[in-house]
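The structure under discussion appears below in the form of structure tokens.
The model shown is predicted, which means the values in this text are computed figures rather than measured ones. So you know, we letter chains A, B, ... as the sequences are listed, proteins then strands, and number each from 1.
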There are 2 protein chains.
Amino acid sequence: MGKREENKQKTRQAIIDAAIKLFSEKGFDKTRVSDLAEEARIGKGTIYGYFKTKSEILLAFCEDEIEYVFNEVRIKAKQESSLLERLQTLFMAQFRYVTKNNEFGRILAREMTFPEAANKESCKGLEERYLAEISEILITAISQKELRDDVELIFIVGHFYALYLIVLSAWYDGRFQTEQEIQEALHKLLTQAMEGLSPQ
Amino acid sequence: MGKREENKQKTRQAIIDAAIKLFSEKGFDKTRVSDLAEEARIGKGTIYGYFKTKSEILLAFCEDEIEYVFNEVRIKAKQESSLLERLQTLFMAQFRYVTKNNEFGRILAREMTFPEAANKESCKGLEERYLAEISEILITAISQKELRDDVELIFIVGHFYALYLIVLSAWYDGRFQTEQEIQEALHKLLTQAMEGLSPQ
DNA sequence: CATAAAAGTTGACTACGGTCAATTTTTAAT
DNA sequence: ATTAAAAATTGACCGTAGTCAACTTTTATG
């Protein structure tokens, strides 16, 4: 009775494994959906029983990988570091991951911020995961009086996430060239957000 | 001698006119490039002598329209209104324009924040135009002591633009349903940015 | 075990964005 | 006016994402 369920899991994973291999090897655009099918030893049509679009496969694959990034960050983020440092660490880790392979980082970012109708659901899941990770940091910060506690949490989370996205966007626009520049820009923006933009 | 140049302008405009008509009538996805060609009374191949991709046509068409939005805003933005009000007016006007036709607003936003390689150039132009419009407001604000003058302007511009984008993204994710909600969210975020997120 | 319904698989097919070699039009030179 | 080079136009063609009707496998029922 678990036979069907079991096979579905296996097939799904086989597709993701094929994606990890081929997307990394040849990049997203250069990998045909039929290539993925061949690598996963299934028919091309079958893939569409598991994923609505090609980019949804990328999303699924990132959903797996992102957990590694978050874990890595949790280890680095010692209890004693300040809110700003912790945010900086998280965002830089995301940035490094996402730009390791320039091409599919951009596609991921695109889908996550302004998803196609078909990908909306998986994107929302992934975004929720991102926001949750930021939330965790902010909740600690609030309890340690490093942050205002008179605004809805979600708006603070969104605020910081927005700053990360704009820096990422600027990177893809070619406004920043080096990791160093990204780091500085992020730092300036986060500091601004903390201090406020009103005079004095 | 101006014959060639003149024709090029005419053809370019014919394509944009076709785009205005068909994108509005049938939407971006449902409009084939060959439809645009037919409407503009030219061959499909010709279009690619003027625009690198289908979405670049959308971008060009928005570049025209956006000026109307900015003008509209300038009229509303009386001299006496505060920085926050002026930003709110600008962003809400952009929001209304961009979501008037839900579909191509999303595509525009996608391309502008994380453009495909082929569209990078036109996107940058359009984004520059957006940022310039925000800059103008901020420069006035700085001279009226409504804003800190000890941070690079571009980072303040980017900060506010980021907040606009995150709200737009949240709208497309379905996190906000009404214009009212957008307005409130935007207001909260802009206020946060002014006041800062540090305790008191 | 037989069997019928449900679920899953498949590759030929469709649709469309983008390319390009062949053709036409414009310009510049004599 | 002639003509050759340059620029612009074109639609047949290509590649690939996504669909779907036919087919296979699994499950549930008696």
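Rounding to the nearest 0.5 Å gives a distance of 9.5 Å between CZ of Arg110(B) and CD1 of Ile107(A). The distance from the CZ atom of Phe176(B) to the CD atom of Gln183(B) is 12.0 Å, given to the nearest 0.5 Å.
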Identify every side-chain donor-acceptor pair in residues 14-28 of chain B under 3.5 Å, counting partners at least two apart or on other chains, and give the distances.
unit_1   : atom_1 : unit_2   : atom_2 : d
Asp17(B) : OD1    : Gln13(B) : NE2    : 3.1
Ser24(B) : OG     : Ile20(B) : O      : 2.6
Lys26(B) : NZ     : Asp35(B) : OD2    : 2.9

Side chains of residues 60-67 of chain A: which donor-acceptor pairs under 3.5 Å do they make with residues two or more places apart or in other chains?
unit_1   : atom_1 : unit_2    : atom_2 : d
Glu65(A) : OE1    : Tyr97(A)  : OH     : 3.4
Glu67(A) : OE1    : Arg129(A) : NH2    : 3.0
Glu67(A) : OE2    : Arg129(A) : NE     : 2.6

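Comment: Lys30(B) does not engage Glu103(B) in a salt bridge, judged by the lack of any side-chain N to carboxylate O separation of less than 4.0 angstrom.
Partners of Arg106(A) under the side-chain hydrogen bond (donor to acceptor under 3.5 Å, both in side chains) rule, at least two apart in sequence or in another chain, do not exist in this structure. For Thr113(B), there are no side-chain hydrogen bond (donor to acceptor under 3.5 Å, both in side chains) partners, not counting sequence neighbours. Among residues two or more places apart in sequence or in another chain, the side-chain hydrogen bond (donor to acceptor under 3.5 Å, both in side chains) test is passed with Glu179(B) by Arg96(B). Partners of Gln177(B) by side-chain contact (heavy atoms from CB on, under 4.5 Å), not counting sequence neighbours, listed by chain and number: Glu181(B). In this view, Gln88(B) satisfies the side-chain hydrogen bond (donor to acceptor under 3.5 Å, both in side chains) rule with no residue, not counting sequence neighbours.
At least one side-chain heavy atom of Phe91(A) sits less than 4.5 Å from a side-chain heavy atom of Ile134(A). Put simply, the side chain of His159(A) reaches to within 4.5 Å of the side chain of His159(B), judged on heavy atoms. Between Asp29(A) and Phe104(A), every side-chain heavy-atom pair lies at or beyond the 4.5 Å cut-off. Proximity of Phe160(B) to Met194(B): side-chain heavy atoms (C-beta onward) are separated by under 4.5 Å at one or more points. Within the 4.5 Å cutoff, the side chain of His187(B) has no heavy atoms near those of the Met92(B) side chain.
dA17(D) atom C1' lies 17 Å from atom NZ of Lys30(A), rounded to whole Å. Between Asn7(B) atom CG and dA7(D) atom C1' there is a gap of 12 Å when expressed in whole angstrom units. Residue Lys10(A) contributes atom NZ, which lies 13 Å from atom P of dT9(C) at whole-angstrom precision. The distance from atom CG of Asp35(A) to atom P of dT16(D) is 8 Å, rounded to the nearest whole Å. Distance Lys8(A) NZ to dT25(D) C1': 14 Å, rounded to the nearest Å.
Residues from residues 103-119 of chain B lying near DNA chain D, meaning a heavy-atom separation below 4.0 Å, are absent. Across residues 47-61 of chain A, Tyr48(A), Thr53(A), Lys54(A) each have a non-hydrogen atom less than 4.0 Å from an atom of DNA chain D (numbered order). Proximity of residues 11-29 of chain B to DNA chain C (heavy atom under 4.0 angstrom from any strand atom) is not detected for any residue.
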I'd like a list of close polar pairs between nucleotides 11-15 of chain C and the protein, N/O only, cut-off under 3.5 Å.
unit_1  : atom_1 : unit_2   : atom_2 : d
dG11(C) : N7     : Gly45(A) : N      : 3.4

Please convert DNA chain C into dot-bracket. A pair counts if it is Watson-Crick or G-U wobble with both distances under 3.5 Å; crossing pairs go in [ ] and bases paired with another strand get |. ||||||||||||||||||||||||||||||
